[in-house]
Amino acid sequence: MQATAPIIEFSRVNKWYGQFHALRDIDLSVARGERIVICGPSGSGKSTLIRCINRLEEHEQGVLKVDGVELTDDLKAIETIRREVGMVFQQFNLFPHLTVLENLTLAPMWVGKMPKREAEERAMQQLVRVKIPEQASKYPLQLSGGQQQRVAIARALCLTPKIMLFDEPTSALDPEMIKEVLDVMFELANQGITMLCVTHEMGFARSAADRVVFMDQGQIVEQNTPTEFFGHPRNERTKDFLSKILAH
Amino acid sequence: MSAADVFEVIPSRPPPVATEGVLPWLRRNLFSDWKNTLGTVIILGLLATFLPPLLDWAVVNAVARPDNAACRAIGHAGACWGVIAEKYRLILFGRYPYDEQWRPLVATSLMTVLLVASCYRPFWSRWLIAAWVVVLAAFFVLMMGGVFGLTFVETARWGGFPLTIMLSTIGLATAFPLSVAVALGRRSRMPGIRTLCVLYVELIRGVPLISVLFMASFMFPLFMPAGMTIDVMLRVQVGITLFSAAYLAEVVRGGLQALPRGQIEAAQSLGLSYWQTTRKVVLPQSLRLVVPAIMNTFIGTFKDTSLVTIVSLYDLTGALQLALGDSDWRKFFLEGQLFVAGVYFVCCFAMSRYSKWIERHLNTGTRRN
């Protein structure tokens with residue numbers, strides 16, 4: 001593998017939900033270490049797009065390659081890809097019956113076949129990274145939303161993924177908790193991991209992203225550097241969208 | 001206080017003390033308004049009417065000695081508990097040879113002790129499974145005999161409480177894993193497996209347990225190759241297992257469906273395989289959601305084992321009929337029925353309480369605080 005080859009490559013990817021054409025001729029290539037923010041109105045296919053990357057959604061046409069492996073029905077390939085791709089969900093999706101520490105060690109122990117002690121050490125390192133090592137023995141529902149989301153980030157990091165996907169990570173949070181999650185994401189962004197982030201946090205897009213991708217009706221309508229994207233949007237749909245979310 | 005006042009934290013105070021004592025409690029709960037008072041008076045009136053005669057019959061005038069003449073003398077004025085004193089061994093152990101009845105007693109006690117121990121969560125380990133293997137082996141050696149100098153007792157003579165305990169314990173222990181497999185199968189992506197599981201559940205649920213038992217004991221042997229027989233006890237046991245597994249499978253499926261999709265997605269996104277996801281994420285959560293419904297089915301199955309009398313196996317209720325076959329005591333069937341009902345009630349009530357307890361203990365973490 002050349003280091004310069006894209007780590008994610010969509011070529012003319014299409015997907016339908018029944019009759020609804022959710023992704024239309026998606027072409028997108030992501031370089032190693034690139035940080036991309038995807039935005040757009042709801043129902044535009046942002047989440048579907050990033051959920052295709054770890055095969056939580058199956059694309060029906062086109063080619064999607066992640067780290068040189070093409071995603072097909074091959075279960076082994078899918079499990080390999082999933083080990084390299086961490087994902088953070090809008091609703092956190094922590095396992096409520098396990099403690100924070102057990103949430104973090106589950107995958108390393110069962111997927112990575114790591115001894116318990118080593119998995120716990122690594123979990124604690126990740127908890128330090130997201131600044132809540134003191135919550136290790138609590139259950140997820142005993143934490144605040146912001147803390148839960150940080151645990152979810154730490155959980156995804158425990159398998160040392162090459163790619164991190166964020167699916168509206170701050171949308172379910174109270175305003176005063178958004179910052180603590182964004183802070184953790186900023187730090188990650190500065191550590192060279194490839195990131196794809198569906199979010200409406202335009203401040204984050206401006207300062208952390210290399211590229212902003214705007215989607216509407218299942219298509220990529222416009223993509224550019226944050227400066228250009230926010231300063232000189234070209235497409236009418238983009239202008240309209242930005243005028244709505246940046247109005248205040 | 002003006003709006004510009006400095007914010008000060010009000011120290012937390014204990015909640016107001018509730019008015020305690022008997023009288024305030026009575027007033028609040030029994031006589032709070034005229035409707036409540038009327039209800040209380042009606043209930044007290046009913047109790048005053050029916051309780052004294054019941055007590056007269058069950059306690060005051062009752063005959064506790066196994067004295068047939070005294071029982072007949074008292075007539076309907078008092079209960080004849082003597083029938084139980086006289087016949088308890090037949091009721092509890094059925095047609096098992098009288099001199100050997102210590103064997104079912106020991107076997108059942110062993111199994112009961114282990115059942116109770118199995119309810120306690122810290123004991124859930126590999127050792128418990130080993131203990132079950134040992135106890136089940138001991139149970140069958142004691143009941144069946146034929147080795148270690150114990151005389152052989154054919155399964156047709158097993159009966160009473162040991163039979164009830166055996167059929168329900170083994171039935172539920174085997175039905176539970178089967179039901180989980182069937183419930184998972186019904187949600188499988190593979191159409192073959194899915195259809196098979198749906199067919200199984202719908203077929204079994206579509207017929208009464210009595211039919212299943214009949215088929216197990218009378219119809220099944222017709223399809224066996226000549227000369228090959230399977231013990232009727234085993235066939236009935238399999239029938240009970242298959243029957244309760246179909247019901248349990250639907251309960252478990254309810255739990256599976258209640259689990260948010262995001263839980264499975266999170267597990268998948270971490271690279272967990274289907275079986276790892278099922279075992280570590282799906283089942284622990286789904287099963288604890290349906291503990292009350294599972295226990296409901298367990299209690300139902302426990303009582304349904306009484307239907308085996310239909311194929312001439314004498315469980316607790318069947319053994320009672322045997323005991324009442326004695327013309328001297330036949331008159332006192334009511335007392336016998338009450339006794340058997342009491343035994344069932346104790347078992348079922350214990351299961352019900354346990355369900356409540358285990359539900360609370362399994363839910364650590366899924367509640368706040």
Side-chain angles (χ1 to χ4, degrees), chain A residues 47 50-51 53-57 73 75-100 102-113 137-144 148 151-152 155-159 161 163-167 172, chain B residues 7 121-122 124-126 180 184 187-193 252 254-294 357-369:
Chain A
S47 291
I50 66 164
R51 286 159 59 89
I53 296 171
N54 62 356
R55 197 74 171 176
L56 288 184
E57 303 288 351
D73 286 331
L75 271 179
K76 276 271 168 297
I78 294 171
E79 277 167 24
T80 316
I81 295 297
R82 283 177 178 165
R83 232 168 288 177
E84 296 184 4
V85 179
M87 187 163 204
V88 176
F89 300 85
Q90 182 177 358
Q91 300 296 342
F92 327 137
N93 292 349
L94 293 174
F95 306 128
H97 61 300
L98 301 177
T99 63
V100 166
E102 288 164 343
N103 262 279
L104 267 64
T105 55
L106 184 69
M109 281 170 60
W110 290 86
V111 180
K113 308 283 175 228
S137 58
K138 285 198 183 163
Y139 285 93
L141 293 182
Q142 295 169 323
L143 307 183
S144 73
Q148 288 188 55
V151 171
R155 180 175 71 177
L157 289 172
C158 274
L159 283 169
I163 304 166
M164 280 291 281
L165 308 175
F166 292 85
D167 190 358
Chain B
F7 171 76
R121 210 176 167 200
W124 295 357
S125 66
R126 263 173 226 149
V180 172
L184 289 171
R187 287 162 51 97
S188 167
R189 282 182 168 206
M190 286 170 267
I193 292 183
V252 173
L256 294 176
Q257 272 168 344
L259 192 68
R261 177 89 205 131
Q263 287 290 311
I264 296 171
E265 287 179 351
Q268 285 176 336
S269 78
L270 288 168
L272 269 69
S273 67
Y274 172 79
W275 288 113
Q276 288 169 336
T277 304
T278 303
R279 200 177 134 210
K280 289 286 158 186
V281 176
V282 175
L283 287 182
Q285 294 187 65
S286 316
L287 291 182
R288 71 186 70 183
L289 279 176
V290 290
V291 165
I294 288 176
W357 181 83
I358 195 73
E359 201 186 338
R360 209 172 50 238
H361 277 250
L362 286 176
N363 281 352
T364 355
T366 40
R367 294 168 301 160
R368 284 179 172 260
N369 72 57

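Reminder, nothing fancy here: chain letters follow the sequence lines and each chain counts from 1. Predicted model only: the values in this text are computed from it and were never measured.
In this structure, Leu270(B) and Val111(A) approach most closely via the heavy-atom pair O-CG2, 3.8 Å. Smallest separation of non-hydrogen atoms from Phe95(A) and Ala266(B): CE2-CB, 4.0 Å. Contact between Pro96(A) and Gln285(B) at its shortest, heavy atoms only, is CG-OE1, 3.2 Å.
Proximity of a side-chain donor or acceptor of Gln91(A) to a complementary backbone N or O of Gly262(B) within less than 3.5 Å is not detected. Using modelled atom types, no side-chain atom of Asn54(A) and backbone atom of Ser269(B) make a donor-acceptor pair closer than 3.5 Å. Without hydrogens or angle criteria, Glu79(A) side chain to Gln268(B) main chain gives no donor-acceptor distance under 3.5 Å.
Rounding to the nearest 0.5 angstrom, the gap separating the CG atom in Leu56(A) from the CD1 atom in Ile264(B) is 11.0 Å. With values rounded to the nearest 0.5 angstrom, His97(A) atom NE2 is found 10.5 Å from Leu287(B) atom CG.
Counting heavy-atom pairs closer than 4.5 Å to chain B, the top-ranked of the candidates Asn93(A), Leu165(A), Val85(A) is Asn93(A).
In this structure, chain A has a heavy atom under 4.5 Å from the side chain of Gln276(B), while its backbone stays farther away. Phe89(A) touches chain B through its side chain: at least one heavy atom from C-beta onward sits under 4.5 Å away, while N, CA, C and O do not. Proximity to chain B (any heavy atom under 4.5 Å) is shown, for Arg155(A), by both the backbone and the side chain. Contact of Ile81(A) with chain B is not made at all, since no heavy-atom distance falls under 4.5 Å.
Looking only at side-chain heavy atoms (C-beta outward), Trp110(A) and Arg279(B) come within less than 4.5 Å of each other.
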